[in-house]
Amino acid sequence: GMRPEDVRVPPCWPDAPEVRRDILDYYFEVQRFDREVGEILAMLEKAGRLENTLVVVTSDNGWPFPRAKANLYDGGAHIPLAVCWPGRVTPGRTLEDFVNLADLAPTFLEAAGLKPLPEMTGRSLMGLLTGREKPGTRTEVFLERERHANVRRGDLSYPVRAIRTREYLYIRNFRPDRWPAGDPELYHSVGPFGDCDDSPTKRYILDRRSDPKFARYFEVCFAKRPAEELYDLRKDPHQIVNVAGRREYADIQRKLRARLEQWMKETSDPRATADDDRWDRYPYFGQPAKKG
C-alpha cells in the first residue's frame with residue numbers, strides 16, 4: 001500500500017526506482033515489526049503481566065544500507081528506542097536526550113532493585129523514565145566500532161570512534177588506509193565491501209561506480225575516508241559534507257577531538273594508550289562465503 005513516489009531518498013543514495021523500492025521493502029519490515037510488538041504487548045496484558053513488565057523496544061543498528069549499518073553516521077547509529085512500564089514510566093512522552101544501548105544494562109539492574117556495577121560505563125535511564133532526572137542534561141553520546149564481518153585481508157578491523165552532539169558529529173578513523181566497508185574483493189565472508197549488507201541499493205551503486213553521474217554515491221558509501229571527519233548538523237543533517245580541516249571549524253574540531261580522547265581514557269579504551277590493533281589478532285569463527 002505504500003507508493004514509491006512518496007519515498008524520501010537520503011542524499012547519500014541515488015534517487016532511482018530500484019532504491020525507492022528497496023526503501024519501501026525496509027518500511028514494510030518496520031510495519032511488520034511494529035505489528036508483532038503490538039501482539040507481544042497484548043499477550044502480556046492478557047496474561048496479567050503488563051503492569052509488572054519493563055518493555056524496551058530498540059534495534060541493534062540503523063538502516064541495513066550503504067553508509068548506514070556498521071558506520072557511525074546517524075544512518076547506522078541512530079536507532080529506535082521506546083520504553084513501556086505502566087505505573088512506573090509516564091506514557092506519551094518524547095525525550096530528546098542522548099542515550100546509548102550501553103545504558104540498558106544499568107537500567108535493568110536499577111529496575112530490579114539492584115545497584116549498577118561500578119565498572120559499567122553506561123548510565124541508568126530510570127531517572128529519565130520516572131522523572132527523577134531533568135531532561136536535556138545528556139547532551140552528547142559516544143560511538144565506536146572495531147571489527148564487524150571478516151571482510152579485510154589479514155582479518156583487519158576498521159577502528160573508529162566518534163562523538164555526537166546536537167550540533168556536530170566528529171569521527172576519528174584510526175586506519176584511513178583501509179576500506180571502511182571492507183575490501184573491494186571477497187576476502188573471507190559476505191562478499192565485496194562485505195561490511196555493507198547486500199541489497200538492491202548496494203548493487204545499484206556498485207554497478208555504476210564508474211559512471212560520472214553516480215561516482216559520488218560510491219565515494220560517500222564505499223571509498224576510503226580521511227583520519228578525521230566533522231559534520232555541521234545544522235547545515236548538513238545527512239552528514240555528507242566533511243568540514244574537518246576548514247579554518248572556520250578549527251576550534252570546534254579541536255574541542256571535540258579533545259573530548260573524545262578524554263572519554264576514551266575515562267573508559268579505558270585500549271586505543272587511548274596503546275594503538276596496537278589487538279583486535280585484528282583475535283580469531284574469527286564461521287564458514288567463509290562460497291565464491292561463485
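Small disclaimer: the values here were computed from a predicted structure and weren't measured.
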For the atom pair [atom1] ([X]) and [atom2] ([Y]), what is the distance rounded to the nearest 0.5 Å?
| X | Y | atom1 | atom2 | result |
| --- | --- | --- | --- | --- |
| R281 | L156 | CZ | CG | 11.5 Å |
| R203 | D22 | CZ | CG | 8.0 Å |
| D275 | D277 | CG | CG | 6.0 Å |
| L44 | E39 | CG | CD | 12.5 Å |

Item checked: Sole candidate of N61, D60, I79, V56 that passes side-chain contact (heavy atoms from CB on, under 4.5 Å) when paired with L101 ->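 Answer to the side-chain contact (heavy atoms from CB on, under 4.5 Å) test with L101 among N61, D60, I79, V56: I79.
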
Item checked: Cluster check Y158, V151: I/L/V/M/F/W/Y, side chain < 4.5 angstrom ->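 In one cluster: no.
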
Margin query: Please say yes or no: joined through hydrophobic side-chain contacts below 4.5 Å, possibly via intermediate residues, are L129 and L50 part of one cluster?
Written below: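 They do not share one cluster, since no chain of ILVMFWY contacts under 4.5 Å joins L129 to L50.
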
If only side-chain N and O atoms count, and only distance matters, is there a donor-acceptor pair under 3.5 Å linking [Y] with [X]?
| X | Y | answer |
| --- | --- | --- |
| Y170 | E228 | yes |
| Y187 | D155 | yes |
| Y284 | R147 | yes |
| Y73 | E229 | yes |
| T165 | E140 | no |

Check: Do the numbers put R172 on top of the ring of F174, so that NZ or CZ is under 6.0 Å from the six-membered ring centre and no more than 45° off the axis?
Finding: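 R172 over F174 ring: yes.
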
Check: For the residue pair F142 and F98, is the inter-centroid distance of their aromatic rings smaller than 6.0 Å?
Finding: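 No.
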
Check: Would the Y217 and F222 ring centres measure less than 6.0 Å apart?
Finding: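 Ring centroids of Y217 and F222 are no less than 6.0 Å from each other.
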
Notebook entry, point to check: Should K235 and E167 count as an ion pair when the cut-off is N to O under 4.0 Å?
Noted result: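 No, no charged N to carboxylate O under 4.0 Å.
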
Margin query: Treating D183 as the side-chain partner and E185 as the backbone partner, does any N or O pair qualify as donor plus acceptor under 3.5 Å?
Written below: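 Side chain of D183 to backbone of E185: no pair is present.
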
